[in-house]
Protein chains: 2
Amino acid sequence: MTQSPWQPISPPKPPRPAKAPLTRERIVDAAMRLLVDHGYDAVSMRKVAQELGTGQASLYAHVANKSELDQLLVNRAAEQMEFPAEPDPERWQEQLKDCMREMLRVMRANPGVARAAIGQVPLGEQALLSTEKFLAILKAGNLPDQAAAWAVDLIPLYVTAVSFEETVQSASAWTPADLEGYVGRMRSYFEGLPADRFPLTLALAGALTSGSGGDERFEFGISVITAGLASLAEKP
Amino acid sequence: MTQSPWQPISPPKPPRPAKAPLTRERIVDAAMRLLVDHGYDAVSMRKVAQELGTGQASLYAHVANKSELDQLLVNRAAEQMEFPAEPDPERWQEQLKDCMREMLRVMRANPGVARAAIGQVPLGEQALLSTEKFLAILKAGNLPDQAAAWAVDLIPLYVTAVSFEETVQSASAWTPADLEGYVGRMRSYFEGLPADRFPLTLALAGALTSGSGGDERFEFGISVITAGLASLAEKP
DNA sequence: ACCTGAACACCGTTCAAGT
DNA sequence: ACCTGAACACCGTTCAAGT
């Protein structure tokens with residue numbers, strides 16, 4: 001390669017390369033940014049490419065398809081989960097519930113990640129490390145192998161479904177006041193049902209619409225699951 | 001209205017009107033047909049309109065949007081569920097499990113309906129009638145009102161999530177042989193993990209990949225939920 | 001009042017052509 | 001080998017124009 005004489009000193013290297021090379025890492029970074037800032041619907045191949053200043057076709061050199069990108073997002077979120085170091089047979093049930101709370105916390109902190117996770121078996125490294133953690137706690141609780149194995153399937157299924165439901169409902173960007181209005185309308189709807197065919201729905205209208213906003217429903221769910229699992233523990 | 005003399009006997013009504021008028025009912029019929037025959041992805045406003053020989057914009061005169069059409073599909077499927085007539089306090093747990101099995105049966109018979117149902121609170125008439133049925137069984141089991149109310153939220157959440165997972169996985173139209181191959185590869189993957197960081201995942205590789213095809217995982221899930229709920233029953 | 005064609009603003013994925 | 005523009009075959013929804 002020849003140097004032209006009127007440009008005797010060419011910059012040894014451009015101070016910053018105009019474009020950092022595209023990598024899986026950078027793609028997931030950009031996708032995660034879009035997810036957190038603008039929700040799951042904003043994570044399209046087009047918008048991720050745009051965020052990186054490239055064409056959408058370029059992504060396919062590093063990521064097989066959208067579904068793989070979704071899996072990578074789930075795995076990235078899993079990195080944020082912090083689980084207790086030492087499984088304790090004395091309080092495994094409380095530890096199990098704490099882990100489920102932690103899963104939900106991280107899913108809420110990355111709104112929309114549940115939509116990437118739902119229906120997929122999480123097989124990334126970080127996701128598997130949380131599986132390992134759950135297995136340790138369940139074995140500390142003396143669950144039979146098969147029960148522990150199926151439980152680590154059931155647990156993310158439940159937590160992901162709860163988070164998914166939340167993101168669908170908050171997709172309309174609800175304020176707490178909106179939520180209250182919605183819950184009120186739903187209660188009125190239940191209370192207006194014909195009493196002959198819906199006696200219980202009508203009688204329990206209050207209970208059915210209670211705990212829609214906060215964590216009570218979720219706390220109920222993880223208690224039911226934990227109690228159900230505990231009933232399967234082997235008595236030594 | 002005058003009769004022209006050279007056509008003294010006009011057909012009282014055209015034997016079949018060239019086009020039956022568009023109704024909600026007919027729209028849901030067509031959508032359901034597409035769902036069962038070609039899966040959830042085939043249920044688009046365009047294809048439903050095509051199936052009815054009309055333009056997609058015409059649908060919006062009868063259905064608010066795609067999400068409402070999804071809800072109507074879920075409700076239509078709910079019509080096919082058959083629940084026991086008489087809640088029996090002696091065997092409410094078995095009845096509860098039977099109802100969950102029936103929910104899954106109908107969702108499997110209408111493949112893809114889980115994808116229309118997930119994340120939505122089912123408020124159609126038929127869906128509410130099944131809620132009513134579940135409440136009756138739970139009250140027969142002596143559950144407190146609030147527990148029964150949250151349970152009828154938890155139960156469809158779980159069954160729908162299971163069915164959703166199945167439809168996602170069978171979206172690639174797997175034969176039993178394909179499934180076996182996939183499960184085998186997954187087991188090999190688990191067994192190849194580094195033993196220092198994934199000791200339990202490795203040790204339980206067999207259990208973790210067992211019951212992927214049939215009903216064992218689902219049976220485990222409904223047993224856990226039922227046992228957990230039973231632990232909340234009020235002792236009179 | 002109901003229906004329609006055409007358009008708008010999006011998708012995921014592929015592919016020939018560039019460097 | 002990696003990247004790109006442009007295209008393909010789709011989406012849900014809207015709207016002015018028809019009957």
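Each chain gets a letter, A, B and so on, in the order its sequence line appears, and its residues count up from 1.
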Table of protein N/O atoms under 3.5 Å from nucleotides 6-8 of chain D N/O atoms:
none

Suppose we screen for salt bridge (Lys or Arg N to Asp or Glu O under 4.0 Å). Which residues come up paired with A:E102, at least two apart in sequence or across chains?
A:R105

What residues, two or more places apart in sequence or in another chain, satisfy salt bridge (Lys or Arg N to Asp or Glu O under 4.0 Å) together with A:R76?
A:E25, A:D29

Heavy atoms of A:S163 and A:L104 approach each other most closely as CB-CD1, 4.0 Å

Indicate whether OP1 or OP2 belonging to C:dC11 is found under 4.0 Å from a side-chain N or O atom of A:K47.
yes

Could you tell me the separation between the CD atom of B:Q50 and the P atom of D:dG12, rounded to a whole number of Å?
13 Å

For B:R24, give me all partners under side chain to side chain donor-acceptor pair (under 3.5 Å), at least two apart in sequence or on another chain.
B:E68

Could you pull out all residues at least two apart from A:F220 that satisfy ring pair (Phe, Tyr, Trp, His ring centres under 6.0 Å)?
B:W150

Pairwise C1' distance, C:dC10 and D:dC8 [rounded to whole Å]
15 Å

How long is the line joining CE of B:M45 and C1' of C:dC3, in whole Å?
14 Å

Rounded to whole Å, the CG-C1' distance (A:L22 to C:dT19) equals 16 Å

Just to verify, what does B:E191 make a side chain to side chain donor-acceptor pair (under 3.5 Å) with, not counting sequence neighbours?
none

Contact list for DNA chain D against residues 59-74 of chain B - heavy-atom distance below 4.0 Å
B:Y60, B:N65, B:K66

Across all chains, not counting sequence neighbours, the salt bridge (Lys or Arg N to Asp or Glu O under 4.0 Å) partners of B:E51 are B:R33

List in chain and number order the residues that pass side chain to side chain donor-acceptor pair (under 3.5 Å) with B:T201, two or more places apart in sequence or in another chain; answer none if no residue qualifies.
A:E132

Stems with DNA chain C, 3 or more Watson-Crick or G-U pairs in a row (under 3.5 Å), are C:4-8 with D:12-16, C:12-16 with D:4-8

So, OP1 or OP2 of C:dT4: does either fall under 4.0 Å of a side-chain N or O from B:S58?
yes

Apply salt bridge (Lys or Arg N to Asp or Glu O under 4.0 Å) to A:R101 and list each qualifying residue two or more places apart in sequence or on a separate chain.
A:E94, A:D98, A:E219

Is it true that atom CD of B:Q80 has more than 12 heavy atoms of other residues, nucleotides or ligands lying nearer than 6.0 Å?
yes

Could you work out, with side chain to side chain donor-acceptor pair (under 3.5 Å) as the rule, every residue matching A:D70, not counting sequence neighbours?
A:Y40

Classify the nucleic acid contact of A:S44 as base, sugar-phosphate or nothing, counting any heavy atom under 4.0 Å across all strands shown.
sugar-phosphate

